There are 2 protein chains.
Amino acid sequence: MKKRSSTTPVKTMADIARIAGVSSSTVSRALAGSALVEDSQRDRIIKIAREGGYVINSTARNLRLQRTETLSVAIPLGHESSQPLSDPFFVEMLGYLAEEITRRGYGMFVQKISSPMDDWMYRLIAAHRSDGIIVIGQSTEHEVIEAASVSYKPLVVWGGHDRQQSYCTVGTDNVAGARAAVSHLIALGRRKIVFFGDPKLPEIRLRHDGYQRAVAQASQVEAMPTVPTHLTADAAYESMRAFASSGIAFDGVFAATDVIAMSAIRALTGAGLRVPEDVAVVGFDDIALAAHCNPALTTVRQDIQRGAEMMVDLLLRRIAGEDTPSATMAAELVVRESCGAARAS
Amino acid sequence: MKKRSSTTPVKTMADIARIAGVSSSTVSRALAGSALVEDSQRDRIIKIAREGGYVINSTARNLRLQRTETLSVAIPLGHESSQPLSDPFFVEMLGYLAEEITRRGYGMFVQKISSPMDDWMYRLIAAHRSDGIIVIGQSTEHEVIEAASVSYKPLVVWGGHDRQQSYCTVGTDNVAGARAAVSHLIALGRRKIVFFGDPKLPEIRLRHDGYQRAVAQASQVEAMPTVPTHLTADAAYESMRAFASSGIAFDGVFAATDVIAMSAIRALTGAGLRVPEDVAVVGFDDIALAAHCNPALTTVRQDIQRGAEMMVDLLLRRIAGEDTPSATMAAELVVRESCGAARAS
DNA sequence: TCGGGTCACGCAATCGATTGCATTGCGGGG
DNA sequence: CCCCGCAATGCAATCGATTGCGTGACCCGA
């Protein structure tokens, strides 16, 4: 930390004005780089500010300018009781958002929505603590978001996009990604593929759609049950353990998220099944650990970084008054070890 | 979102005052529950506010009250080039902090310190955007933090505690935890235990101390090299791959973090070594995935949730003027599969 | 009936930065 | 020599909530 030789503490523009022998108006203009201030004067004022270690008081500035220079990031966790932010996907997204938002000079106001009353959105808006809101994942809150979006425009949501929804989303092409994943399993000779995930959540429903299309399109693939597990590692582990001991034969698993996939693999191994020899597993998300677990996970990659950038970009444009459309990014199948090589059908 | 029947928009206290036929002073006092306002009057004002959907403007309030009701959370990543927030440990911590901070009615201002110039701390302080700062992990920034802490009191740091450091830390007893982990490996019959992690980082240095003490205390345990790997999954994987092919024989690994441990396991498996049969692995942190990777990871548990609570608690007390001491939490060895059972020495 | 006291409430300053408008000084053209 | 105009700067209001101090109304006892 730099040492400041401040005999007179320089906290406000008035302090600078006093030292420079001018009014605070001039200081304000000088610091803003206004051409109205004489060059030498401006330089002198800026020098005083710098040497005094002056940093503008953003609270006062924001009050005057009627804005906050802050973006809210809301994470609804309606689907997992009181579980803390457990999914690395959300957390990686949070990290990229932090990066992108601070890069643009904004602050990031993080809000976890644990026990959603239906007015969380309203309260977040009315608090006036941010200029706009990013919602990570629709969870079970689609209706609430939809309702809020009618009157509140600076809002961008990560998640699945539906034709009849009016709010602006950024997301991956879940249907195509899921379809590619399941088609890959089928191409490797798997015929009994189970879907793990709860289609009540919008994104997961789309992935389930993709799964169904791939299955419907292929021949000789058996219809298998859908297991609506929660998104947490514990719940997914338990679901898979129960399913594996149910006696239903299966040779492939399409997990709605990587966390589910990794937990499933562990449960399968615990049940004496080998991955990928006995059961091939594909996930969705490509979280950082997917490449580094054992066996390495074949999964559908979502470009989280680009997603974060797009959300911030769209939100800032919405704050500026533009009415931006939703954006969908391509999904990419990343083949690793967990689904093995082709085998005889 | 609730429907507001606001013919007259109620945005400010002055609006409410106009409707109620009083001054904004009275509105302010009424909303604050002051006894100076007559009961029926107060109820009426509160009713008007509620029906108008009024939410106080915190920017104005904070300017007047000279505070921000916001806490900064800084994450220095000096150790991993431009890597995004990759370690689940940090990210889980972030989630718990978000929970705890919002629970206390504060906002959370997240700042990622990617390419640390030595004035990041000063800038964060001088921006006046928060009432206090939580730093997650010392990374390579010990000196900067130490320097800042001399003049800036509302500061709490997650990380290792050293006798000669003056800032307030919250952390796990790294030495004892590491010692327990390594002693466990030794008790299981392992004799050639390698340490993976970079002792340049304060916390890791303490874990390395614990490792050395456990080794020194035991008999028949060979001195093995320390491999100073980075904290990212990729770097750790590469380090282990290189080490495994170096020809040095070993039967145990103590990884400084779970991410390193999980990557190491994968590299070992890739090199044809079995875990835990050929090499036993112990990690540190007990991140959520530790229990759910394959094999499940034996590791030293840090109570992240309690850590987050303590940091917020200490910080609020520091903001209130108290000079709180550092806190160290007990570490707990969690035995799972990755170090196997005892074997003949 | 009057003075002292209490209760409710309003006035106006304050927090710090911004900005429309007024003002000052200076130079040049008529 | 005077006046106009421009350049540079100051004044003061503003954003919205808070709060010390002042004031009016009312009640009570003397």
Side-chain angles (χ1 to χ4, degrees), chain A residues 8-46 48-50 52-70 105 107 125-131, chain B residues 8-46 48-50 52-70 105 107 125-131:
Chain A
T8 315
V10 180
K11 308 299 291 179
T12 74
M13 287 191 175
D15 295 336
I16 300 178
R18 204 171 307 120
I19 297 172
V22 296
S23 73
S24 59
S25 319
T26 303
V27 174
S28 174
R29 284 190 268 254
L31 262 31
S34 164
L36 283 174
V37 181
E38 199 196 5
D39 292 3
S40 64
Q41 184 84 277
R42 179 174 53 227
D43 295 343
R44 200 165 59 86
I45 291 171
I46 290 176
I48 292 172
R50 201 193 313 278
Y54 173 77
V55 176
I56 200 161
N57 182 318
S58 48
T59 304
R61 175 172 222 262
N62 290 339
L63 174 61
R64 178 66 230 245
L65 262 28
Q66 294 290 74
R67 55 160 179 194
T68 64
E69 287 192 297
T70 295
I125 294 169
H128 295 296
R129 297 198 70 146
S130 58
D131 299 336
Chain B
T8 316
V10 180
K11 310 298 289 179
T12 74
M13 287 191 177
D15 295 336
I16 299 178
R18 204 171 306 118
I19 297 172
V22 296
S23 74
S24 60
S25 318
T26 302
V27 174
S28 174
R29 285 190 268 252
L31 262 31
S34 165
L36 283 173
V37 181
E38 200 195 6
D39 291 4
S40 65
Q41 183 87 277
R42 180 173 53 224
D43 295 344
R44 201 165 60 86
I45 291 172
I46 290 175
I48 293 172
R50 200 194 313 280
Y54 173 77
V55 176
I56 200 159
N57 182 317
S58 49
T59 304
R61 176 171 220 264
N62 290 338
L63 174 60
R64 179 62 230 246
L65 262 29
Q66 294 290 75
R67 57 160 178 197
T68 63
E69 288 193 296
T70 296
I125 294 169
H128 295 295
R129 295 198 71 147
S130 57
D131 299 336

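Worth saying up front: this structure is predicted, and the values here are computed from it rather than measured. Residue numbers begin at 1 in each chain, while the letters A, B, ... track the order of the sequences.
Residue-level contact check: B:Val27 touches neither bases nor backbone, having no heavy atom under 4.0 Å from any strand. Backbone-only engagement by B:Val22 is indicated by non-hydrogen atom pairs under 4.0 Å involving sugar-phosphate atoms exclusively. The residue B:Ile56 sits close only to the backbone: its heavy atoms come under 4.0 Å of sugar-phosphate atoms, none of a base. Nucleic acid contact class of A:Leu65 (heavy atoms, under 4.0 Å, all strands): sugar-phosphate only. Using a 4.0 Å heavy-atom distance criterion, A:Thr26 is classed as a sugar-phosphate-only contact.
Rounded to an integer number of Å, the gap from A:Asp15 CG to C:dG16 C1' is 10 Å. Rounded to a whole Å, the CE atom of B:Met13 is 16 Å from the P atom of C:dC9. One atom, CG of A:Leu63, and another, C1' of C:dT14, lie 12 Å apart when rounded to the nearest Å. One atom, CZ of B:Arg18, and another, C1' of C:dG10, lie 16 Å apart when rounded to the nearest Å. In this structure, CG of A:Asp39 is placed 10 Å from P of D:dT9, rounded to the nearest angstrom. Straight-line distance from the NZ atom of B:Lys11 to the C1' atom of D:dC15: 14 Å, rounded to whole Å. In this structure, A:Leu36 atom CG and C:dC21 atom P are separated by 14 Å, rounded to whole Å. In this structure, B:Arg44 places its CZ atom 9 Å from P of C:dC9, rounding to the nearest Å.
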A:Ile56 and A:Met13: CA distance, side-chain angles, deciding distance, side-chain contact (heavy atoms from CB on, under 4.5 Å) verdict: CA-CA 8 Å; A:Ile56 200 161; A:Met13 287 191 175; 3.8 Å; yes

B:Glu69/B:Asn62 under side-chain contact (heavy atoms from CB on, under 4.5 Å): CA gap, chis, key distance, verdict: CA-CA 7 Å; B:Glu69 288 193 296; B:Asn62 290 338; 3.6 Å; yes

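Contact annotation: A:Ser28 reaches the phosphate of C:dT18 (side-chain N/O to OP1 or OP2, under 4.0 Å). Taking 4.0 angstrom as the limit, A:Tyr54 places a side-chain polar atom (N or O) nearer than this to OP1 or OP2 of C:dA17. Put simply, A:Gln66 has no side-chain N or O that comes within less than 4.0 Å of OP1 or OP2 on C:dT18. For the OP1/OP2 pair of C:dA17 and a distance below 4.0 Å, the side-chain nitrogens and oxygens of A:Ser24 include no atom meeting the criterion. Look at B:Gln41 and you won't find any side-chain N or O under 4.0 angstrom from OP1 or OP2 of C:dA8. Side-chain nitrogen and oxygen atoms of B:Arg61 include at least one within less than 4.0 Å of the OP1 or OP2 phosphate oxygen of D:dT18.
In this structure, B:Asp15 and B:Tyr54 have side chains that are not in contact, with every pair of non-hydrogen atoms separated by 4.5 Å or more. Taking the side chain as every heavy atom from C-beta outward, A:Ile45 and A:Val22 approach each other to under 4.5 Å.
A donor-acceptor contact shorter than 3.5 Å is absent between the side chain of A:Ser58 and the backbone of A:Arg61. In this structure, the side chain of A:Asp43 does not engage the main chain of A:Ser40 through any donor-acceptor pair within 3.5 Å.
Here C:dG20 is the nucleotide among C:dG16, C:dG20, D:dA17 with the atom lying nearest to any side-chain atom of A:Arg29.
In this model, a side-chain donor or acceptor of A:Ser25 finds a partner on the base of D:dC11 within 3.5 Å. On a pure distance criterion of 3.5 Å, no polar donor-acceptor pair joins the side chain of B:Arg64 and the base of C:dG16.
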